[in-house]
Amino acid sequence: MNGTVLIIGAGGVSRVATTKCAMNTDIFKKIVLASRTKAKCDEIANDIKNRQHVEIQTAKVDADSVEELTALIEKVKPDIVLNLALPYQDLTIMDACIKTKTHYIDTANYEHPDVAKFEYKLQWEKDEAFKKAAILGLLGSGFDPGVTNVFCAYAAQNLFDEIHEIDILDCNAGDHGYPFATNFNPEINLREVSAKGRYWEEGKWIETEPVAVKMVWDYPKVGPKDSYLLYHEELESLVKNIKGLKRIRFFMTFGQSYLTHMKCLENVGMLGINEVEHNGVKIVPIQFLKTLLPDPASLGARTKGKTNIGCVISGLKEGKRRKVYIYNVCDHEECYKETLAQAVSYTTGVPAMIGTKLVMEGKWSAHGVFNMEDFDAKPFMDELNKQGLPWEIIEMNPDESFEVK
Ligand code: NDP
């Protein structure tokens with residue numbers, strides 16, 4: 001490895017990951033940032049140059065085009081491509097990596113723009129091609145998926161003999177002061193939240209109506225928050241990879257105002273993903289909505305409060321019942337000070353850099369397509385503590401719950 005990383009996409013997550021790569025120049029000797037709008041790459045590169053005095057090269061690329069990507073990768077010759085564009089670009093970027101025999105890392109499951117559904121199938125199917133090219137494809141190196149998978153792997157490898165139940169709990173208690181805005185790409189966020197919920201129990205997937213299952217969870221250092229059951233992509237790989245699992249669920253917090261706005265927008269058709277004609281122009285309602293909403297990257301300066309994302313894991317250790325809560329708490333304003341981005345981008349961009357760092361250092365090494373829990377969790381957990389996302393573990397009484405009844 002020569003220490004070159006090519007980062008694709010120039011949104012909030014990319015801003016954090018690029019800034020963090022620039023804080024680890026002993027590993028990342030050359031950083032190239034490319035996206036559809038080169039001006040956004042230049043803006044991030046200039047901010048980093050002003051604050052950290054590190055030069056970032058920039059380029060324009062349409063990541064829907066395998067040819068354009070291949071030409072750029074052949075020119076830059078990176079060791080690793082870090083995909084921080086949208087989930088729609090996963091397959092084209094993976095194909096360009098296969099063609100050029102370059103390691104691939106992303107933070108989000110492939111989605112087709114016309115189908116509001118995500119699954120690993122099409123990415124896992126590239127395993128053979130990745131093996132043949134002798135490269136690693138590391139899927140989902142964000143926070144959730146990403147760190148949540150690593151927390152589960154750490155528990156499986158170090159804390160339990162058998163894991164029976166996992167609840168992933170994602171709380172964003174940040175306040176940006178707008179009546180309605182999303183903390184990451186609005187199209188991806190609203191498609192995820194307005195979809196049916198799903199969890200896995202005793203070998204079966206159980207479907208629930210959108211945001212129909214609610215509990216109040218008392219998040220350490222944040223407090224009690226309404227939390228709703230959602231389907232989330234790490235459930236698919238964890239069900240496959242954590243042996244002996246009996247149940248896994250995912251909950252995310254939403255305020256009442258967010259849900260009321262979302263319901264209204266859905267009821268009037270603004271979350272639609274199919275084209276409609278308006279005054280002779282074809283538009284996709286959810287994409288038009290994205291144009292109207294605040295850019296998530298602009299929320300950083302105004303967001304106050306904390307996030308708490310973690311996993312409550314229970315099972316057996318040496319024949320005795322055990323339950324642990326592993327989580328990270330992140331402060332929006334601290335994140336902004338360090339990277340000019342809010343905590344949702346920060347908690348995704350830092351693990352994206354860490355996954356890339358471990359592959360660059362050869363600490364995580366394999367040929368084929370893998371999820372985060374396939375690797376030794378320890379080096380990743382160590383890096384979280386060093387790179388700005390320290391974690392804590394609470395040893396719980398096996399009958400205890402932080403659910404507020
Ligand atoms: P943004 O929408 O802020 O940024 C996406 C970037 O990708 C934009 O710069 C955009 O370009 C660029 N892009 C889009 N299409 C193309 C294309 N065809 N070619 C080149 N560049 C393109 O998103 P975020 O930064 O919020 O999110 C980035 C990724 O992180 C997403 O995949 C998201 O799902 C994922 N994510 C993962 C999380 C996790 O915990 N695992 C949590 C949060 C997000 P332009 O500027 O021109 O629009």
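Computation of the quantities below employed the complete heavy-atom set of this structure, encompassing side-chain atoms and omitting hydrogens, waters and symmetry-equivalent molecules.
For Val404 against Pro224, the heavy-atom pair with the smallest separation is CG2-CB, 4.2 Å. Here the closest non-hydrogen pair linking Arg191 and Ile286 is CG-CD1, 4.0 Å. Heavy-atom minimum distance, Phe151 versus Cys311: CB-SG, 3.9 Å. For Gly368 against Asp127, the heavy-atom pair with the smallest separation is CA-OD1, 3.3 Å. Closest approach of Ser141 to Ile105, counting heavy atoms only: CB-CG2, 3.9 Å. Taking all atoms of both residues into account, the shortest heavy-atom contact from Ile44 to Gly11 is CD1-O, 4.1 Å.
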Salt bridge (Lys or Arg N to Asp or Glu O under 4.0 Å) assessment of Glu334 paired with Lys337: CA-CA 5 Å; Glu334 294 295 321; Lys337 257 190 241 154; 3.4 Å; yes
**Request:** Let me see the working for Asp42 and Lys38 under salt bridge (Lys or Arg N to Asp or Glu O under 4.0 Å), right down to the final yes or no.
**Result:** CA-CA 6 Å; Asp42 292 335; Lys38 185 172 174 289; 3.2 Å; yes
Practice problem: Check step by step if side chain to side chain contact (heavy atoms under 4.5 Å, CB included) holds for Leu299 and Val344. | Solution: CA-CA 10 Å; Leu299 300 177; Val344 176; over 6 Å; no
Kindly indicate, with the supporting measurements, whether the criterion ring pair (Phe, Tyr, Trp, His ring centres under 6.0 Å) is fulfilled by Trp364 and Phe370. CA-CA 11 Å; Trp364 279 13; Phe370 294 87; over 10 Å; no
- Task: Go through the steps to decide whether Asp226 and Phe254 satisfy the test side chain to side chain contact (heavy atoms under 4.5 Å, CB included), and finish with yes or no.
- Result: CA-CA 6 Å; Asp226 291 350; Phe254 298 105; over 6 Å; no
| Where do Asp399 and Lys323 land on the salt bridge (Lys or Arg N to Asp or Glu O under 4.0 Å) test, with the steps shown first? | CA-CA 8 Å; Asp399 297 314; Lys323 191 173 192 176; over 6 Å; no
Would Glu187 and Val284 count as a side chain to side chain contact (heavy atoms under 4.5 Å, CB included) if you check the C-alpha gap in whole Å, the side-chain angles of each, and the deciding distance to 0.1 Å? CA-CA 11 Å; Glu187 197 180 332; Val284 175; 5.7 Å; no
Inset, instruction - Go through Lys196 and Glu209 one step at a time and tell me if the side chain to side chain contact (heavy atoms under 4.5 Å, CB included) criterion holds. - result: CA-CA 5 Å; Lys196 287 202 170 175; Glu209 288 306 306; 3.5 Å; yes
**Verdict with supporting geometry, Lys405 and Glu403, salt bridge (Lys or Arg N to Asp or Glu O under 4.0 Å)** = CA-CA 6 Å; Lys405 295 278 183 193; Glu403 189 176 349; 3.6 Å; yes
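The structure places CG of Leu33 at 9.5 Å from CD1 of Ile8, a figure rounded to the nearest 0.5 Å. Here the CD-OG1 distance, from Gln52 to Thr339, works out to 9.5 Å after rounding to the nearest 0.5 Å. How far CD1 of Ile326 is from CE of Met381: 5.0 Å, rounded to the nearest 0.5 Å. How far CD of Glu383 is from CG of Asn24: 7.0 Å, rounded to the nearest 0.5 Å. Expressed to the nearest 0.5 Å, how far CE of Met270 lies from CG of Leu190 amounts to 10.0 Å. Annotation: the span from Ile73 atom CD1 to Cys97 atom SG amounts to 4.5 Å, rounded to 0.5 Å.
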Under 3.5 Å, which donor-acceptor pairs do the side chains of residues 162-171 form with other protein atoms, sequence neighbours left out?
from   : atom 1 : to     : atom 2 : distance (Å)
Glu162 : OE1    : His164 : NE2    : 2.7
Glu165 : OE1    : Arg247 : NH2    : 3.4
Asp167 : OD1    : Arg249 : NE     : 2.9
Asp167 : OD2    : Arg249 : NH2    : 2.8

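The shortest distance between side-chain heavy atoms of Thr348 and Phe184 does not fall below 4.5 Å. Inter-residue side-chain proximity for Phe375 and Val150 is flagged as unmet; no heavy-atom pair is nearer than 4.5 Å. Between Met372 and Pro145 there is no side-chain heavy-atom pair separated by less than 4.5 Å. Annotation: side chain of Val276 is in contact with side chain of Pro285 (closest heavy-atom distance under 4.5 Å). Using a 4.5 Å heavy-atom threshold, the side chains of Leu389 and Cys330 count as touching. No side-chain heavy atom of His103 sits less than 4.5 Å from a side-chain heavy atom of Met360. Contact annotation: the side chain of Trp200 never approaches that of Glu236 to less than 4.5 Å [non-hydrogen atoms, C-beta and beyond]. Taking the side chain as every heavy atom from C-beta outward, Lys132 and Ile98 never approach each other to under 4.5 Å.
Between the side chain of Lys126 and the main chain of Met94, no donor-acceptor pair closer than 3.5 Å is present. Within the 3.5 Å criterion, the main-chain N or O of Lys304 finds no donor-acceptor partner in the side chain of Asp175. Formation of a donor-acceptor pair under 3.5 Å by the Asn149 side chain with backbone atoms of Gly146 is found in this model. In this structure, the side chain of Thr37 does not engage the main chain of Lys40 through any donor-acceptor pair within 3.5 Å.
Ring centroid separation for the pair Tyr231 and Trp205 comes in under the 6.0 Å cut-off.
Taking the charged nitrogens against the carboxylate oxygens, Lys378 and Asp382 do have a contact shorter than 4.0 Å, which makes a salt bridge.
A cation-pi arrangement is present between Arg302 and Tyr178, with the terminal nitrogen or guanidinium carbon under 6.0 Å from the aromatic centre and inside a 45° cone about the axis.
No more than 12 heavy atoms of other residues, nucleotides or ligands lie within 6.0 Å of NZ in Lys282, so this atom counts as exposed by the packing criterion. In Lys60, the NZ atom is crowded: over 12 heavy atoms of neighbouring residues, nucleotides or ligands sit closer than 6.0 Å.
Checked by atom type, the side-chain pair Thr148/Glu234 shows a donor-acceptor distance below 3.5 Å. Using modelled atom types, one finds no donor on one side chain facing an acceptor on the other under 3.5 Å when comparing Tyr110 with Lys121. In the model, Ser237 has a side-chain atom that pairs as donor or acceptor with a side-chain atom of Glu373 under 3.5 Å. A donor and an acceptor atom, one from each side chain of Ser227 and Tyr219, are located under 3.5 Å apart. There is no side-chain donor-acceptor pair under 3.5 Å between Asn189 and Asn183. Side-chain contact, Tyr336 with Gln342: no donor N or O sits under 3.5 Å from an acceptor N or O. Residues Trp124 and Asn371 bring a donor and an acceptor atom of their side chains to less than 3.5 Å of each other. Counting only N and O atoms by type, the side chains of Asn172 and His332 include a donor and acceptor under 3.5 Å apart.
Between Tyr104 and Phe130, the angle of the ring planes goes over 60°, which puts this pair in the perpendicular group of the 30/60° scheme.
Residues meeting the side-chain contact (heavy atoms from CB on, under 4.5 Å) test with Asp64, sequence neighbours left out: Asp62, Gln89. Applying the side-chain contact (heavy atoms from CB on, under 4.5 Å) test to Lys77 and every residue at least two apart in sequence or in another chain returns nothing.
Of the listed residues (Tyr325, Tyr154, Phe143), just one forms a ring pair (Phe, Tyr, Trp, His ring centres under 6.0 Å) with Trp391, and that residue is Tyr154.
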